[in-house]
Amino acid sequence: MPFQPERPKQLSGNKLLIGYRGTINPDSLKIEPISSVPENFEYKFTKVPDKDSLHVWTKPLLEMDSIRFKLIAPNRTDTLFTRINKMPADTLLVNTEPSGNLDFNSPVVFKPSTPIEEFNEDLITLINKDSLSVEFSSEVRPDNSVALRFPKDENQTYNLLALPGTITDIYGSTSDTIKKSFKTRPFADFANLTVNLQNVKSYPVIVQLTDEKGAVKAEKYSTGESSLRFEFLTPGKYLLRAIYDVNENGKWDTGNYLEKRKPEEIIYLPEPLDIRPNWDMTEPFSL
């Protein structure tokens, strides 16, 4: 579905919310103010995680009754309008996930409350319980979070220290000291699953494990591989499904009545999988 923005809503003194339908890369969007704004007016888009919405961050604070602007996307231009009220501005706070136990498949994630301008991984140290340094890689992600990835051992403790200034936001504020500790559990607490795809009519295919409410817990993307391995799964009941990714954008797309385009096909394994600790399972999955 083509990008279709909705009317903006003010969330704070320096943040607007724009919902939308369709798909869009926030980096492809531009704003052209119609209302009078300060000469040093700047903006930045960030994607709201797991929602079809964008945050629009502005600086300086918008001291006006309303703002009208053109939102310019690659294939369309919309004129948007919203009222502006006097509200406190968001300031930089950094949350760290997870808290406590760390899954083998999951990164450590920094989630700042304002947009990242600069991230300095040289100010971070990561050591294990034996005081040995652990190498890591970092990635600033489209949802304005930072993922730290590193190899993990079982029954291990990892201590992270991020010195002040590790994160600088677009307003020039810097993060305070971040000090966190994470633990891993024994390998035997988890399970592995190999899914063997059969009768695949086309690739690529997205294969997902979800909980019984449909929340995705693990995912693999296959451009031709029929045997997919999921490791270190938390025990429990899972639904297994496959999506034919016709437009090759890495996610399921709804249909469009006006364009006479059907939703991408989803196939479910008929019965839930019961994943138990310390199991190594193989499951055939006919599409």
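Remember, predicted model here, so these are calculated numbers, not experimental data. Computed from heavy atoms alone, side chains included, the values below leave out hydrogens, waters and symmetry copies.
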Using the rule that Ile, Leu, Val, Met, Phe, Trp and Tyr join whenever any side-chain heavy atoms are under 4.5 Å apart, tell me whether [X] and [Y] fall into a single cluster.
{"X": "Trp279", "Y": "Phe285", "answer": "yes"}
{"X": "Val207", "Y": "Val200", "answer": "yes"}
{"X": "Ile67", "Y": "Leu54", "answer": "yes"}
{"X": "Val134", "Y": "Leu123", "answer": "no"}
{"X": "Leu29", "Y": "Leu80", "answer": "yes"}

- Query: Where do Phe104 and Phe187 land on the ring pair (Phe, Tyr, Trp, His ring centres under 6.0 Å) test, with the steps shown first?
  - Reply: CA-CA 9 Å; Phe104 293 100; Phe187 289 148; 4.9 Å; yes
- Does the pair Leu102 and Val108 meet the rule for a side-chain contact (heavy atoms from CB on, under 4.5 Å), with working shown? CA-CA 8 Å; Leu102 179 63; Val108 171; 4.2 Å; yes
Would you find a donor on one side and an acceptor on the other, under 3.5 Å apart, between the side chain of [X] and the backbone of [Y]?
{"X": "Ser35", "Y": "Arg68", "answer": "yes"}
{"X": "Tyr43", "Y": "Ile31", "answer": "yes"}
{"X": "Thr168", "Y": "Glu117", "answer": "no"}
{"X": "Lys237", "Y": "Asp211", "answer": "no"}
{"X": "Asn85", "Y": "Met87", "answer": "no"}
{"X": "Thr210", "Y": "Val216", "answer": "no"}
{"X": "Thr184", "Y": "Gln156", "answer": "yes"}
{"X": "Asp130", "Y": "Leu132", "answer": "no"}

- Message: side-chain contact (heavy atoms from CB on, under 4.5 Å) for Thr79 and Phe81? Distances and angles first, verdict last.
- Response: CA-CA 7 Å; Thr79 298; Phe81 169 86; over 6 Å; no
So, for [X] and [Y], which heavy atoms are closest and what is the spacing to 0.1 Å?
{"X": "Asn144", "Y": "Pro115", "result": "OD1-CA, 3.3 Å"}
{"X": "Glu225", "Y": "Leu197", "result": "O-CD1, 4.2 Å"}
{"X": "Pro277", "Y": "Pro235", "result": "CG-CG, 3.6 Å"}
{"X": "Lys44", "Y": "Ile116", "result": "CE-O, 3.8 Å"}
{"X": "Phe69", "Y": "Pro33", "result": "CB-CA, 3.9 Å"}
{"X": "Ile127", "Y": "Ser133", "result": "CG2-CA, 4.0 Å"}

- Can you spot which of Thr282, Thr194, Asn196 makes a side-chain hydrogen bond (donor to acceptor under 3.5 Å, both in side chains) with Ser227?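 With Ser227 as partner, side-chain hydrogen bond (donor to acceptor under 3.5 Å, both in side chains) holds for just one option, Asn196.
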- Quick one: does NZ or CZ of Lys152 land under 6.0 Å from the six-membered ring centre of Phe150, within 45 degrees of the ring axis?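 Yes, Lys152 lies over the aromatic ring of Phe150.
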- Does NZ or CZ of Lys183 come closer than 6.0 Å to the centre of the six-membered ring of Tyr158, within 45° of the ring's axis?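 Geometry flag: not set, cation outside 6.0 Å or 45°.
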Heavy atoms, side chains only, cut-off 4.5 Å: are [X] and [Y] in contact?
{"X": "Tyr171", "Y": "Asn14", "answer": "yes"}
{"X": "Leu239", "Y": "Leu209", "answer": "no"}
{"X": "Ser226", "Y": "Tyr203", "answer": "yes"}
{"X": "Ser286", "Y": "Asn199", "answer": "yes"}
{"X": "Tyr238", "Y": "Lys217", "answer": "yes"}
{"X": "Asn278", "Y": "Asp189", "answer": "no"}
{"X": "Thr157", "Y": "Ser181", "answer": "yes"}
{"X": "Glu264", "Y": "Asp245", "answer": "yes"}

With rounding to the nearest 0.5 angstrom, report the [atom1] to [atom2] distance, [X] to [Y].
{"X": "Leu148", "Y": "Glu139", "atom1": "CG", "atom2": "CD", "result": "10.5 Å"}
{"X": "Ile178", "Y": "Phe110", "atom1": "CD1", "atom2": "CZ", "result": "4.5 Å"}
{"X": "Phe3", "Y": "Asn25", "atom1": "CZ", "atom2": "CG", "result": "11.0 Å"}
{"X": "Lys129", "Y": "Asp153", "atom1": "NZ", "atom2": "CG", "result": "9.5 Å"}
{"X": "Trp57", "Y": "Ser12", "atom1": "CH2", "atom2": "OG", "result": "6.0 Å"}
{"X": "Asp169", "Y": "Thr114", "atom1": "CG", "atom2": "OG1", "result": "3.5 Å"}

Greater than 12 external heavy atoms within 6.0 Å of [X]'s [atom1]:
{"X": "Arg76", "atom1": "CZ", "result": "yes"}
{"X": "Gln198", "atom1": "CD", "result": "yes"}
{"X": "Asn40", "atom1": "CG", "result": "yes"}

- side-chain contact (heavy atoms from CB on, under 4.5 Å) assessment of Ile206 paired with Gln208: CA-CA 6 Å; Ile206 306 168; Gln208 297 175 332; 3.8 Å; yes
- Task: Go through Ser138 and Glu121 one step at a time and tell me if the side-chain hydrogen bond (donor to acceptor under 3.5 Å, both in side chains) criterion holds.
- Result: CA-CA 7 Å; Ser138 65; Glu121 71 170 32; 2.4 Å; yes
Salt-bridge present ([X], [Y]; N to O < 4.0 Å):
{"X": "Lys15", "Y": "Asp90", "answer": "yes"}
{"X": "Asp280", "Y": "Arg229", "answer": "yes"}
{"X": "Glu265", "Y": "Lys201", "answer": "yes"}

- If a pair satisfies side-chain hydrogen bond (donor to acceptor under 3.5 Å, both in side chains) and one of its residues is in residues 92-105, list it, with sequence neighbours excluded.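 For residues 92-105, and leaving out neighbouring residues, the side-chain hydrogen bond (donor to acceptor under 3.5 Å, both in side chains) pairs sorted by first residue read Glu97-Lys111.
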- Message: If you apply the rule side-chain contact (heavy atoms from CB on, under 4.5 Å), what do you find for Val48 with His55, and how did you get there?
- Response: CA-CA 7 Å; Val48 181; His55 285 148; 3.6 Å; yes
